[in-house]
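The residues of the chain are indexed from 1 along the displayed sequence. As a basis for the values below, the full set of heavy atoms in this structure was taken, side chains included, without hydrogen atoms, waters or symmetry mates. Here the structure is a predicted model, which is why all the values come from computation and not from measurement.
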Amino acid sequence: MIYYKTKEEIELIREACLLVCKAHETVAAMIKPGVTGIQIDRAAEECIRDHGGVPGFKGYKGFPATLCISPNEGVVHGIPTDREFQEGDIISVDCGTIVNEFYGDSAFTYALQGVAEETLELLSVTNESLYRGIDKAVVGNRIGDIGYAIQQYAEKANGYGVVRELVGHGVGKNLHEAPEVPNYGSRGRGIMLKEGLVIAIEPMVNEGTRAVRQSDDGWTIISRDKKPSAHFEHTVAVGKEKADILSNHDGIIEEIKNNPNLMNISSKR
Ligand code: MG
Ligand code: MG
């Protein structure tokens with residue numbers, strides 16, 4: 001069952017998404033060698049609660065934290081730990097909030113100074129693949145058009161592995177609603193995109209093969225070959241001419257510029 005949202009509901013989801021991005025900005029200003037996942041998780045939770053929101057992931061199916069923090073070979077769903085971030089790490093951070101009963105959801109992968117050139121390229125290709133998917137989130141297209149665009153760019157054009165086991169999703173009063181939004185697929189396949197459809201598009205792209213496995217903590221998904229994996233996510237409302245991106249990464253990119261411990265991913269647009 002797909003819940004199509006009214007304009008008013010879309011504005012509430014935008015509010016939740018913008019609070020997610022504010023939490024990301026807090027995190028982006030903090031990340032440096034020696035800081036831990038637990039520390040940035042705490043700061044993100046404080047930011048969300050200070051602004052009247054509730055962390056969306058904490059307690060969701062028993063997840064214990066505000067952020068999913070998945071370093072290096074971590075794909076998604078990593079639990080914050082007391083491991084200190086190091087030079088050369090990439091850190092995928094996923095965050096959700098609930099504001100006025102609606103969820104927001106957005107992810108970004110941060111690169112500490114010293115990240116290998118190839119891995120920085122993985123990040124910018126994954127980010128660009130997200131925007132290529134978003135370009136297809138318009139009325140009259142089908143869900144498969146989104147996945148096709150992401151897969152073509154990340155796999156065909158750049159030779160990376162697009163993770164199949166985890167997918168994007170509808171967003172609303174539930175964190176994960178129908179429909180599923182795979183990051184692979186065929187043009188013209190799947191449900192027709194209509195106004196009022198709000199979805200999280202979230203390519204997970206591996207530098208090596210697309211194979212993943214669950215790590216021993218029962219949560220973290222890692223790449224099977226232990227090569228780096230990147231994750232970028234926006235929540236978007238399907239639009240007539242173009243999608244309305246409800247989350248916004250501009251503030252994150254500003255914080256990265258101001259944080260000498262982080263490397264900027266090159267934007268392809
Ligand atoms: Mg997410
Ligand atoms: Mg999501």
Side-chain angles (χ1 to χ4, degrees), residues 14-37 39-48 50-51 53 66-72 74 78 80 84-97 104-135 153-154 158 160 200-205 207 228-236 243-269:
R14 191 193 311 275
E15 247 187 83
C17 288
L18 292 179
L19 183 51
V20 167
C21 294
K22 201 178 268 295
H24 266 288
E25 289 162 25
T26 302
V27 161
M30 274 178 84
I31 294 179
K32 65 176 181 185
V35 165
T36 69
Q39 287 174 318
I40 65 168
D41 183 73
R42 208 174 287 146
E45 176 167 2
E46 229 175 75
C47 168
I48 291 166
D50 283 352
H51 289 86
T66 296
L67 302 177
C68 293
I69 302 176
S70 311
N72 301 318
E84 295 183 352
F85 300 144
Q86 298 171 8
E87 255 184 50
D89 278 349
I90 59 166
I91 312 288
S92 295
V93 176
D94 197 352
C95 182
T97 63
D105 190 7
S106 187
F108 198 95
T109 301
Y110 300 91
L112 276 86
Q113 288 296 342
V115 165
E117 205 54 55
E118 311 90 80
T119 304
L120 214 51
E121 180 66 9
L122 168 74
L123 266 51
S124 57
V125 166
T126 306
N127 189 45
E128 171 64 16
S129 77
L130 166 61
Y131 287 98
R132 289 188 180 213
I134 292 170
D135 285 345
Y153 187 68
N158 287 283
Y160 296 130
I201 304 178
E202 49 177 317
M204 289 148 258
V205 180
E207 196 171 308
S229 181
H231 181 213
F232 290 86
E233 175 183 34
H234 275 304
T235 299
V236 310
D244 183 359
I245 307 178
L246 304 178
S247 38
N248 185 334
H249 289 173
D250 290 352
I252 298 174
I253 288 160
E254 263 324 291
E255 290 297 339
I256 291 173
K257 276 187 201 152
N258 293 329
N259 182 342
N261 302 289
L262 291 179
M263 295 175 87
N264 234 314
I265 59 163
S266 63
S267 170
K268 311 236 171 232
R269 337 202 133 195

Looking at every heavy atom in both [X] and [Y], which two are closest together, and how far apart are they?
X	Y	result
Met263	Leu112	SD-O, 3.5 Å
Ala43	Thr26	CB-CG2, 4.0 Å
Tyr131	His234	OH-NE2, 2.7 Å
Val20	Cys95	CG1-O, 3.4 Å
Cys17	Gly104	SG-CA, 3.6 Å
Ala111	Val115	CB-CG2, 3.8 Å

Could you state the interatomic distance from [atom1] ([X]) to [atom2] ([Y]), rounded to the nearest 0.5 Å?
X	Y	atom1	atom2	result
Glu118	Leu122	CD	CG	10.0 Å
Tyr110	Met30	OH	CE	11.5 Å
Leu120	Thr109	CG	OG1	11.5 Å
Ile134	Ile245	CD1	CD1	4.0 Å
Leu67	Arg42	CG	CZ	12.0 Å
Glu255	His249	CD	NE2	13.5 Å

Would the distance check show the side chain of [X] and the main-chain N or O of [Y] forming a donor-acceptor pair, the cut-off being under 3.5 Å?
X	Y	answer
Ser106	Glu233	yes
Asn248	Cys21	no
Thr235	Asp105	yes
Asn127	Phe232	no
Asn158	Tyr153	yes
Ser70	Gly78	yes

Note, [X] side chain near [Y] side chain (heavy atom, < 4.5 Å):
X	Y	answer
Ile40	Ile69	yes
Leu130	Thr126	no
Thr119	Ile90	yes
Asn261	Pro33	yes
Phe85	Gln39	no
Thr97	His51	no
Glu15	Leu19	no

Could you tell me whether Arg132 and Glu128 have a side-chain N and a carboxylate O separated by less than 4.0 Å? yes
Do Glu254 and Lys257 meet the salt-bridge criterion of a basic N to acidic O distance under 4.0 Å? yes
